[in-house]
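Report on the following structure.
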Amino acid sequence: MYSIKAVTALTGLTPETLRAWERRYECVTPQRTENGRRFYTQEDLEKLTLLVNLTRNGHAIGKIANLSCEQLRHFRNPTHQRTDNTQRDLFSQILDSLQNYRIERCEQLLKRAMLAHEPVEYARDVLLPVLHQVGLLWHQKKLNVAQEHLFSGCVKRIVLTMVNNLYHTSKRQPAMLFATPSGEPHELGILLGSLVASTLQYHCYYLGADLPAADIIDACEHLAPRIIVIGLVKNPPDAETAADVERLVRFVAGGQTQLWIAGAGGKYWASVQGKLPANCLYVDDIDEFYSRARQQNLLSHLQ
């Protein structure tokens, strides 16, 4: 539960605006203590954060106030839905270079795009779409495994360099640990997650792909991250992977560490859980990851 002071600090709303939204639009209905003080749930906080982000992008609060969190997460500004000619041309040049094994040209194009975007936009609007295109071409046998691996290595070099450049060591900052469990070889999702987290000044421990749960837990016991982020792309996850996830769920139960699960396999896992276990949550996309990570970072300084 969050006080009005915590909610205003986490969302950037003023108390006056928050009360006006509640009164005029009934976007959230806070509960009250015996002495009449408002307090807000995690879902209230999430919805208010989404509303703030969307209103900043030009949407009228009166038109979106009564949408659910799920509807708001997929409610995008039209300017974010369009891929303009410049971006299409960039993707075309990257894919053409990759098909001709001109990996240095690919890296040059990706670095040029990096300079033109903020890190979160770069991850969402450049890297994710082009990685999706590479995956489609691989499935269509228009790219081979060597080309796909070359491109993945290129993206990994760029992102890890960005992470190192963005982070400034500080003992006051919370930590995130990134990994994929046994049987899950796809690491680009957690790689992009570490880029987003580094923009918020998290200390990022990047372990990589296909680690047994026992090794992830051993690292956590020594590094004490606030959040463990695991990526699950295989849908549904392999039995070995699912067993590792359950072990991680048991590890965080009753403690202070949170387990965040992302990816298509993560969505499947969350859907079969019904109610998610304590300290666990499914993260749908980069925007939600950024929003939740920002909230947790701010909370760490309020405590």
Side-chain angles (χ1 to χ4, degrees), residues 2 6-13 40-54 56-57 69-70 72-74 76 80 117-125 127-128 159-160 162-180 187-207 216 219-220 223-232 248 252 255-263 266-267 270 276 278-303:
Y2 301 91
V7 167
T8 54
L10 291 168
T11 62
L13 287 169
Y40 300 80
T41 65
Q42 177 64 44
E43 186 176 359
D44 291 336
L45 176 61
E46 181 180 354
K47 182 173 183 178
L48 289 167
T49 302
L50 290 166
L51 289 172
V52 168
N53 291 337
L54 287 168
R56 285 174 179 169
N57 283 328
C69 286
E70 183 176 1
L72 290 169
R73 278 196 293 270
H74 297 284
R76 293 286 182 264
H80 288 162
H117 294 79
E118 293 296 323
V120 177
E121 293 175 346
Y122 182 60
R124 182 189 61 219
D125 300 335
L127 294 180
L128 272 180
V159 172
L160 289 179
M162 291 178 71
V163 170
N164 290 333
N165 289 338
L166 285 165
Y167 179 71
H168 303 286
T169 303
S170 170
K171 292 182 178 180
R172 295 183 64 247
Q173 295 303 115
M176 278 195 193
L177 182 142
F178 296 84
T180 75
E187 64 176 317
L188 291 177
I190 58 169
L191 187 68
L192 297 187
S194 68
L195 172 58
V196 173
S198 68
T199 67
L200 295 167
Q201 291 299 293
Y202 277 87
H203 195 130
C204 297
Y205 297 114
Y206 186 80
L207 304 187
I216 298 174
C220 290
L223 300 172
R226 176 177 291 269
I227 300 162
I228 305 167
V229 182
I230 63 170
L232 304 178
L248 291 168
V252 301
Q256 297 298 313
T257 304
Q258 297 183 28
L259 178 65
W260 293 9
I261 301 173
K267 186 172 186 177
L276 293 184
N279 289 353
C280 298
L281 61 88
Y282 165 68
V283 182
D284 190 50
D285 57 26
I286 280 183
D287 290 320
E288 184 183 357
F289 181 89
Y290 177 84
S291 176
R292 289 186 179 277
R294 180 178 176 274
Q295 289 174 8
Q296 289 298 317
N297 200 355
L298 289 168
L299 278 175
S300 71
H301 294 294
L302 290 173
Q303 293 171 350

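Residue numbers count from 1 along this sequence.
With Gln42 contributing its side chain and Tyr2 its backbone, the two residues share no donor-acceptor pair below 3.5 Å. A side-chain donor-acceptor contact under 3.5 Å links Glu288 to the backbone of Asp284. For Ser291 (side chain) and Asp287 (main-chain N/O), no donor-acceptor pair under 3.5 Å exists by modelled atom type.
Within the 4.5 Å cutoff, no side-chain heavy atoms of Leu191 are placed close to those of Leu127. Looking at Leu128 and Leu188, their side chains never come closer than 4.5 Å, going by heavy atoms from C-beta outward. Two residues are said to be in side-chain contact when any heavy atoms from C-beta on lie closer than 4.5 Å; Tyr40 and Leu45 fail this criterion.
Of all the heavy atoms in Val252 and Asn279, the pair that sits closest is O-ND2, 2.8 Å. For the pair Thr11 and Val52, the tightest heavy-atom approach, listed with the atom from each and the gap, is O-CG1, 3.7 Å. Nearest heavy-atom pair across Thr199 and Pro119 is CG2-CB, 3.4 Å. Here the closest heavy-atom approach between residue Phe178 and residue Ala197 is recorded as CZ-CB, 3.9 Å. The two residues Leu200 and Ala293 come nearest to each other via the heavy atoms CD1-CB, 3.6 Å.
Judged as a ring pair (Phe, Tyr, Trp, His ring centres under 6.0 Å), and not counting sequence neighbours, the contacts of Phe289 are Trp260. Every residue meeting the salt bridge (charged side-chain N to carboxylate O under 4.0 Å, His left out) condition with Glu187, not counting sequence neighbours, appears here in chain and number order: Lys156.
Taking CD1 from Ile227 and CZ from Arg292, the interatomic distance works out to 10.0 Å, rounded to the nearest 0.5 Å. Remark: Glu43 CD to Cys69 SG distance equals 5.0 Å, nearest 0.5 Å. Note that the CG atom of Leu248 and the CD1 atom of Ile261 stand 8.0 Å from one another [nearest 0.5 Å]. Taken from CE in Met176 to CD in Gln296, the straight-line distance is 8.0 Å, to the nearest 0.5 Å. How far OG of Ser198 is from CG of Asn165: 9.5 Å, rounded to the nearest 0.5 Å. Distance check, rounded to the nearest 0.5 Å: CG of Leu207 to CD1 of Ile190 gives 8.0 Å.
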| task | For the pair Leu177 and Cys220, evaluate side-chain contact (heavy atoms from CB on, under 4.5 Å) and give the outcome as yes or no after the intermediate values. | result | CA-CA 8 Å; Leu177 182 142; Cys220 290; 4.0 Å; yes
